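Worksheet for the structure shown next.
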Amino acid sequence: MKDLLKDDGILLYPSHPEVAPKHGTTLLKSHNVSYTALFNVLSLPATQCPIDLSKKSGMPIGIQVAASPYQDHLTLSVAEEIENVFGGWKSPYLKHVNAVFTEISPKARKSIGIWLLTCAGLTFTTVVIGGITRLTKSGLSMVDWHLFKELPPANHEID
């Protein structure tokens, strides 16, 4: 393989024989791992490059870019060009999130925004008041509170 690729050769190879599998599902399909293990066994640099999302499942589809040993810069350069042509990485879940978000009415979005701002404001106010009372020792702070002050130590020895 090294003689075939020489110093400037590139090999494009599928990342997997099917769209990106869910975690743990390749345990019974150990032959699928050979697509990525091949370059590890041959000690060749390889860069995985996303191409698109499956129209059926929405999962990523990719390709590997491999080269001769110590030619990592070639794999990275070619992968960058492939990403430029195909639009780069796309979130497989983004279209689902957008679909859910567009189903929320503008009135509901406004209510959610007000609720989030109110929660943020209350949290900020609580932190500020807590900090002021702790720094000024104005009585609301529990700095000198000792719940177990009266209890003897657990390993108390009698003289």
Side-chain angles (χ1 to χ4, degrees), residues 1-135 141-143 154-155:
M1 183 68 79
K2 296 172 189 174
D3 292 336
L4 178 67
L5 292 173
K6 301 196 174 153
D7 286 341
D8 59 355
I10 290 292
L11 175 66
L12 299 178
Y13 198 72
S15 298
H16 210 69
E18 55 192 12
V19 297
K22 303 248 186 244
H23 291 286
T25 60
T26 56
L27 294 175
L28 300 175
K29 300 177 183 179
S30 58
H31 60 281
N32 287 357
V33 178
S34 64
Y35 281 71
T36 52
L38 172 67
F39 299 112
N40 287 331
V41 170
L42 295 174
S43 297
L44 298 176
T47 302
Q48 199 297 43
C49 183
I51 299 293
D52 203 1
L53 299 176
S54 165
K55 303 295 182 232
K56 184 177 178 182
S57 67
M59 294 300 289
I61 300 171
I63 194 164
Q64 294 179 90
V65 182
S68 293
Y70 309 107
Q71 300 300 320
D72 304 65
H73 65 283
L74 286 176
T75 66
L76 293 170
S77 296
V78 171
E80 185 177 24
E81 287 302 316
I82 290 172
E83 280 192 344
N84 289 338
V85 169
F86 287 95
W89 182 85
K90 299 170 190 87
S91 171
Y93 301 105
L94 190 58
K95 68 178 184 178
H96 301 296
V97 170
N98 284 339
V100 170
F101 187 72
T102 55
E103 292 175 7
I104 299 173
S105 70
K107 184 178 178 182
R109 285 189 213 163
K110 184 176 180 179
S111 297
I112 291 169
I114 291 170
W115 177 77
L116 288 172
L117 284 173
T118 302
C119 289
L122 288 172
T123 302
F124 179 77
T125 303
T126 302
V127 170
V128 168
I129 290 173
I132 291 170
T133 57
R134 185 173 189 107
L135 290 173
S141 178
M142 295 187 286
V143 174
N155 61 357

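Residues: numbered from 1 along the sequence shown. Fair warning: this is a prediction, and the values are worked out from it, not measured in the lab.
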Sole candidate of Ile129, Val127, Val128, Leu122 that passes side chain to side chain contact (heavy atoms under 4.5 Å, CB included) when paired with Thr125:
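Among Ile129, Val127, Val128, Leu122, the one that satisfies the side chain to side chain contact (heavy atoms under 4.5 Å, CB included) with Thr125 is Ile129.
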Taking the side chain as every heavy atom from C-beta outward, state whether Ile82 and Val65 have any pair of such atoms under 4.5 Å apart.
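The answer is yes; the side chains approach within 4.5 Å.
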Mind checking whether Gln64 and Cys49 have side chains closer than 4.5 Å, heavy atoms only?
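No, side chains not in contact.
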Listed once per pair and sorted, the side chain to side chain donor-acceptor pair (under 3.5 Å) pairs that draw on residues 39-50, sequence neighbours left out:
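Pairs touching residues 39-50 that pass the test: Thr47-Thr75.
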When you measure from the side chain of Ser105 to the backbone N and O of Ala108, does any donor-acceptor pair fall under 3.5 Å?
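Checking the backbone N and O of Ala108 against the side chain of Ser105, a donor-acceptor pair under 3.5 Å is found.
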Ring geometry between Phe39 and Tyr13 (parallel below 30°, tilted from 30 to 60°, perpendicular above 60°)
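Ring orientation of Tyr13 relative to Phe39: perpendicular.
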At their closest point, which heavy atom of Gly9 faces which heavy atom of Leu74, and how far apart are they?
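Heavy-atom minimum between the residues: O-CD1, 4.4 Å.
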Where do Pro45 and Asp72 come nearest, in terms of heavy atoms and distance?
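Minimum heavy-atom separation between Pro45 and Asp72: CB-OD2, 3.4 Å.
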To the nearest 0.5 Å, tell me how far [X] [atom1] sits from [Y] [atom2].
X	Y	atom1	atom2	result
Glu18	Asn32	CD	CG	5.0 Å
Ser15	Ile51	OG	CD1	8.0 Å
Glu81	Phe86	CD	CZ	12.0 Å

Might you work through the side-chain contact (heavy atoms from CB on, under 4.5 Å) test for Ile10 and Leu12, ending with a clear yes or no?
CA-CA 7 Å; Ile10 290 292; Leu12 299 178; 4.1 Å; yes
Stepwise, does the side-chain contact (heavy atoms from CB on, under 4.5 Å) test hold for Leu11 with Leu5?
CA-CA 8 Å; Leu11 175 66; Leu5 292 173; 4.1 Å; yes
Partners passing side chain to side chain donor-acceptor pair (under 3.5 Å) against Asp52 (at least two apart in sequence or in another chain)
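In terms of side chain to side chain donor-acceptor pair (under 3.5 Å), with neighbours along the sequence ignored, Asp52 is linked to Lys55.
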